[in-house]
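A short worksheet on the structure shown next.
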Protein chains: 2
Amino acid sequence: MTRKRDDDSKTNCPVESALGVLGGRWKGVVLYWLLKGTHRFGELRKRLPNCSARMLTLQLRELEEDGLVKRTVYPEVPPRVEYELSAFGRSLEPVLRGLHDWGDKYKSRLRRAA
Amino acid sequence: MTRKRDDDSKTNCPVESALGVLGGRWKGVVLYWLLKGTHRFGELRKRLPNCSARMLTLQLRELEEDGLVKRTVYPEVPPRVEYELSAFGRSLEPVLRGLHDWGDKYKSRLRRAA
DNA sequence: CAGTATCCCCGTGGATACTG
DNA sequence: CAGTATCCACGGGGATACTG
């Protein structure tokens, strides 16, 4: 799911705003891994086996646009690109931890994984 | 965005599990309104002007399946149906508040609403 | 009132091939 | 290595009409 940007322009609900920016199909996981430290593109790919390169790129670009993630390109051969949380991105840490902890609780309660 | 259920079966990331259950297109807002108290179907519709009846129904059904929301049908004419958070749903409160508060911060920082 | 049933469009995202 | 480009299938979700 990729989420439209104008969602809460009418609902005006901050919860929607927040989910709009971190609710993308792979953003939660990406953000959570970046919480643990800087990652290269290929590293993130390994963390997200179900996410295509295309999708990972798109999600990362959106996170970058939203100012949550900083992208650094090292002018080397072969190229190296690193992703890390911006200061603003790090402000999401408590929220992400909240989601993470609740997710654990949820997992132990619900057994509906495919 | 409607989110697949088998997502974290491979990523095994609790953040994904959590977003899988509350990351649906309208779930955040619905949950947030239900945090404020019981609502009838029609009331929720008014809270979510951009959400079609069909979509609202689908989202509510999923929330119900996931055990976050309780649905009560009153055998009256005309029919009355009320939605409220289950105990499990209420366990999400801190997370929702976290999203809400961060959303405020986000809104004051980003001006990219349509 | 609180939905369900149908039809149908188009955006999301997979697969594949290619490049600086 | 870290992407981009292109093509294409699928299903999410809107609009509309109908019902207990």
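In what follows, every chain begins at residue 1, and chains take the letters A, B, ... in the order their sequences are listed.
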Can you tell me the distance, in whole Å, between the [atom1] atom of [X] and the [atom2] atom of [N]?
X: B/Gln59; N: C/dA2; atom1: CD; atom2: P; result: 18 Å
X: A/Leu44; N: D/dC1; atom1: CG; atom2: P; result: 14 Å
X: A/Lys46; N: D/dC1; atom1: NZ; atom2: C1'; result: 10 Å
X: B/Lys27; N: D/dG13; atom1: NZ; atom2: P; result: 10 Å
X: A/Trp26; N: C/dT12; atom1: CH2; atom2: P; result: 16 Å
X: B/Glu64; N: C/dA2; atom1: CD; atom2: C1'; result: 14 Å
X: B/Met55; N: D/dG11; atom1: CE; atom2: P; result: 15 Å
X: B/Glu82; N: C/dG3; atom1: CD; atom2: P; result: 11 Å

Between [N] and [X], is there an OP1 or OP2 to side-chain N/O distance shorter than 4.0 Å?
X: B/Arg54; N: C/dT4; value: no
X: A/Ser52; N: C/dG14; value: yes
X: A/Arg71; N: D/dG3; value: yes
X: A/Arg61; N: D/dG3; value: yes

Salt-bridged, A/Arg97 to A/Glu93, with N to O below 4.0 Å?
yes
Nearest-nucleotide pick for [X], side chain only, options being [options]:
X: B/Thr57; options: C/dG20, C/dT4, C/dG13; result: C/dT4
X: A/Val81; options: D/dA2, C/dG3, C/dC1; result: D/dA2
X: B/Arg25; options: D/dG3, C/dA2, D/dG13; result: D/dG13

Rounded to the nearest 0.5 Å, what's the gap from [atom1] on [X] to [atom2] on [Y]? Could you check?
X: B/Arg40; Y: B/Arg45; atom1: CZ; atom2: CZ; result: 14.0 Å
X: B/Arg25; Y: B/Leu56; atom1: CZ; atom2: CG; result: 12.0 Å
X: A/Phe41; Y: A/Leu60; atom1: CZ; atom2: CG; result: 6.5 Å

Only pairs with both distances under 3.5 Å count, Watson-Crick or wobble alike; so what is the partner of [N] in this structure?
N: C/dT6; answer: D/dA15
N: C/dG20; answer: D/dC1
N: D/dA9; answer: C/dT12

Looking for any heavy atom pair under 4.0 Å, which part of the strands does B/Tyr83 touch: base, sugar-phosphate only, or nothing?
sugar-phosphate
Minimal heavy-atom distance between B/Glu76 and B/Arg80, with the atoms involved, is OE2-NH2, 2.8 Å
Walking DNA chain C from its 5' end, the first of B/Arg80 and A/Pro79 to be reached, judged by nearest nucleotide, is B/Arg80
